[in-house]
Colleague: 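I have a structure here, written as structure tokens, and I will follow up with some questions on it.
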Amino acid sequence: MVADLAPVYRYDQRGTGRSPWEGRHSLARHVDDLVELLDAWGVPEAVLIGHSYGTDLASRFCLTHPDRVAAMLLMCGPFVGDWRTGYRAERDRRMSAAQQERLRELENLPRRTEEQEVELLTLAWFTDHAGPERGWHWAAQGARRRRPINWAMNGELGSEGRVDPLEKHLAELHACLPARTELLGGADDPRPVSALASLALRLGLPLTRIEDAGHEPWLEQPDTVRAHLRRFVQGTVGAQA
């Protein structure tokens with residue numbers, strides 16, 4: 001969407017995709033990984049665009065290395081405070097009782113077959129989208145493509161995030177944010193967009209809501225997201241030229 005405007009770097013995080021690794025995960029290690037990557041790419045200062053957990057990672061990177069962040073766009077996160085209560089209620093509302101029960105059954109299995117894993121991920125992800133039918137299609141596709149899921153990494157980073165939540169560092173983050181920082185969220189994300197609105201107020205940041213889109217807004221509203229990304233990157237690159 002923006003590769004013609006500036007060099008774009010994407011990477012599979014440690015322990016995922018084509019970055020196989022086994023060991024203890026920590027937020028600090030993942031921040032250090034990004035530092036090493038930027039150094040290897042010869043990029044002293046970057047425009048960070050993070051999605052979901054990536055928004056938490058980008059924010060923590062900014063806390064420790066603000067001099068390396070030229071601008072930051074945070075998509076569908078970070079969520080702070082008690083957002084999980086609203087998220088779980090909305091997710092359950094979008095599922096039938098049978099789907100909820102089946103998801104619990106699959107989650108409680110000590111081991112899952114390939115088809116059971118695909119079924120679990122599809123059930124867990126389809127509510128992330130605004131439309132249930134399209135959501136099921138995208139979730140089923142993702143359940144076969146985005147594999148394997150590193151459940152250990154998810155649990156370790158999640159546990160550390162609960163012990164040391166980003167919310168504890170918001171005042172510090174506010175002080176070191178680059179001048180060009182924005183939030184973007186899908187209006188129909190089951191994670192409450194009101195939590196993003198509250199964060200925007202606390203950090204003094206603009207928030208763009210993408211209508212008729214959920215947690216992966218580029219799937220449901222690609223043209224709108226593309227236009228927003230291009231405006232953001234062009235504004236940053238143009239300001240630095």
Colleague: Look at Arg68 together with Asp39 and state whether they make a salt bridge at an N to O cut-off of under 4.0 Å.
Modeller: yes
Colleague: Can you check whether Arg230 reaches Asp4 side chain to side chain, under 4.5 Å on heavy atoms?
Modeller: yes
Colleague: Would you sort out whether Thr127 and Met95 count as a side chain to side chain contact (heavy atoms under 4.5 Å, CB included), showing the intermediate values?
Modeller: CA-CA 7 Å; Thr127 57; Met95 301 176 76; 3.5 Å; yes
Colleague: Taking the six-membered ring for Trp, are His215 and His51 parallel (under 30°), tilted (30 to 60°) or perpendicular (over 60°)?
Modeller: tilted
Colleague: If every non-hydrogen atom of Pro132 is compared with every non-hydrogen atom of Ala130, which pair is closest and at what distance?
Modeller: CD-O, 3.8 Å
Colleague: To the nearest 0.5 angstrom, please state how far the CD1 atom of Ile210 sits from the CD atom of Glu220.
Modeller: 11.0 Å
Colleague: Which heavy atom of Arg60 sits nearest to which heavy atom of Asp164, and what is that distance?
Modeller: NH2-O, 2.8 Å
Colleague: May I ask you to say whether Arg104 pairs ionically with Glu107, meaning some side-chain N is under 4.0 Å from a carboxylate O?
Modeller: no
Colleague: NE2 of His169 to CG of Leu63: how many Å apart, nearest 0.5 Å?
Modeller: 7.0 Å
Colleague: Salt-bridge test for Arg112 and Glu119: reply yes if a basic N is under 4.0 Å from a carboxylate O, no otherwise.
Modeller: no
Colleague: Kindly say whether Glu156 contributes a backbone atom to a donor-acceptor pair with the side chain of Ser159 at under 3.5 angstrom?
Modeller: no
Colleague: Would you mind checking if Glu216 and Arg146 are paired as a salt bridge, meaning a charged N to carboxylate O distance below 4.0 Å?
Modeller: yes
Colleague: Please tell me if the side chains of Gln141 and His137 come closer than 4.5 Å, counting only heavy atoms from C-beta onward.
Modeller: yes
Colleague: How close do Val69 and Leu48 get, counting heavy atoms only, and between which atoms?
Modeller: CG2-CD1, 4.0 Å
Colleague: When you group the ILVMFWY residues by side-chain heavy-atom contacts below 4.5 Å and let the links chain together, are Val233 and Leu74 in the same group?
Modeller: no
Colleague: For the atom pair CZ (Phe61) and CG (Asp56), what is the distance rounded to the nearest 0.5 Å?
Modeller: 14.0 Å
Colleague: Between Tyr9 and Val47, is there a shared hydrophobic cluster once you connect ILVMFWY residues whose side-chain heavy atoms come closer than 4.5 Å?
Modeller: no
Colleague: Do Leu109 and Leu106 come within less than 4.5 Å of each other through their side chains, counting heavy atoms only?
Modeller: yes
Colleague: Run the salt bridge (charged side-chain N to carboxylate O under 4.0 Å, His left out) check on Asp223 and Arg226 step by step: do they pass?
Modeller: CA-CA 5 Å; Asp223 293 340; Arg226 180 183 294 107; 3.0 Å; yes
Colleague: Begin from the C-alpha positions of His228 and Leu73 and carry the test side chain to side chain contact (heavy atoms under 4.5 Å, CB included) through to its verdict.
Modeller: CA-CA 10 Å; His228 189 86; Leu73 178 62; 3.9 Å; yes
Colleague: When you compare the side chain of Leu57 with that of Val31, does any pair of heavy atoms fall below 4.5 Å?
Modeller: yes
Colleague: Does the side chain of Val8 come within less than 4.5 Å of Met1's, by heavy atoms?
Modeller: no
Colleague: Is the shortest side-chain N to carboxylate O distance from Asp92 to Arg88 below 4.0 Å?
Modeller: no
Colleague: Do the rings of His129 and Trp138 sit parallel, tilted or perpendicular, given the 30° and 60° boundaries?
Modeller: tilted
Colleague: Taking atom CG of Asp189 and atom CZ of Arg209, what is their separation to the nearest 0.5 Å?
Modeller: 12.5 Å
Colleague: Would you say the side chain of Leu5 lies within less than 4.5 Å of the side chain of Val237, judging by non-hydrogen atoms?
Modeller: no
Colleague: If I compare all heavy atoms of Met153 with all of His30, which pair ends up nearest, and what's the gap?
Modeller: CE-CE1, 3.4 Å
Colleague: Side chain of Ser198, backbone of Ser194: donor and acceptor closer than 3.5 Å?
Modeller: no
Colleague: Taking NZ, NE, NH1 and NH2 as the nitrogens, is one of them in Arg231 or Glu182 under 4.0 Å from a carboxylate oxygen of the other?
Modeller: yes
Colleague: Distance-only, no hydrogens or angles: does the Arg147 side chain make a donor-acceptor pair with backbone N or O of Ala143 under 3.5 Å?
Modeller: yes
Colleague: Start with the C-alpha gap between Arg191 and Asp128, add the side-chain angles, then the distance that decides, and say whether salt bridge (charged side-chain N to carboxylate O under 4.0 Å, His left out) holds.
Modeller: CA-CA 8 Å; Arg191 299 154 189 81; Asp128 277 350; 2.9 Å; yes
Colleague: Does a salt bridge link Glu117 with Arg111, judged by any charged N lying under 4.0 Å from a carboxylate O?
Modeller: no
Colleague: Just by distance, with hydrogens left out, do Asn154 and His25 show a side-chain donor and acceptor under 3.5 Å apart?
Modeller: no
Colleague: Please step through side chain to side chain contact (heavy atoms under 4.5 Å, CB included) for the pair Val2 and Phe232, ending with a clear verdict.
Modeller: CA-CA 10 Å; Val2 296; Phe232 185 82; over 6 Å; no
Colleague: Applying the 4.5 Å side-chain criterion to the ILVMFWY set and letting contacts propagate, would Tyr53 and Trp125 be lumped into a single cluster?
Modeller: no
Colleague: Testing the basics here: between Thr55 and Gly77, what is the closest heavy-atom pair and its distance to 0.1 Å?
Modeller: OG1-C, 3.1 Å
Colleague: What distance separates Leu177 CG from Met72 CE, expressed to the nearest 0.5 Å?
Modeller: 5.0 Å
Colleague: Hey, is the main chain of Phe126 close enough, under 3.5 Å, to the side chain of Arg94 for a donor-acceptor pair?
Modeller: no
Colleague: Does any part of the side chain of Glu167, heavy atoms only, come nearer than 4.5 Å to the side chain of Leu199, both counted from C-beta?
Modeller: no
Colleague: Testing the basics here: between Met75 and Ile49, what is the closest heavy-atom pair and its distance to 0.1 Å?
Modeller: SD-CG2, 3.9 Å
Colleague: With a 4.5 Å heavy-atom cut-off, do His65 and Leu38 have their side chains touching?
Modeller: no
Colleague: When rounded to the nearest 0.5 angstrom, what is the spacing between CG in Leu37 and CG in Asp32?
Modeller: 11.0 Å
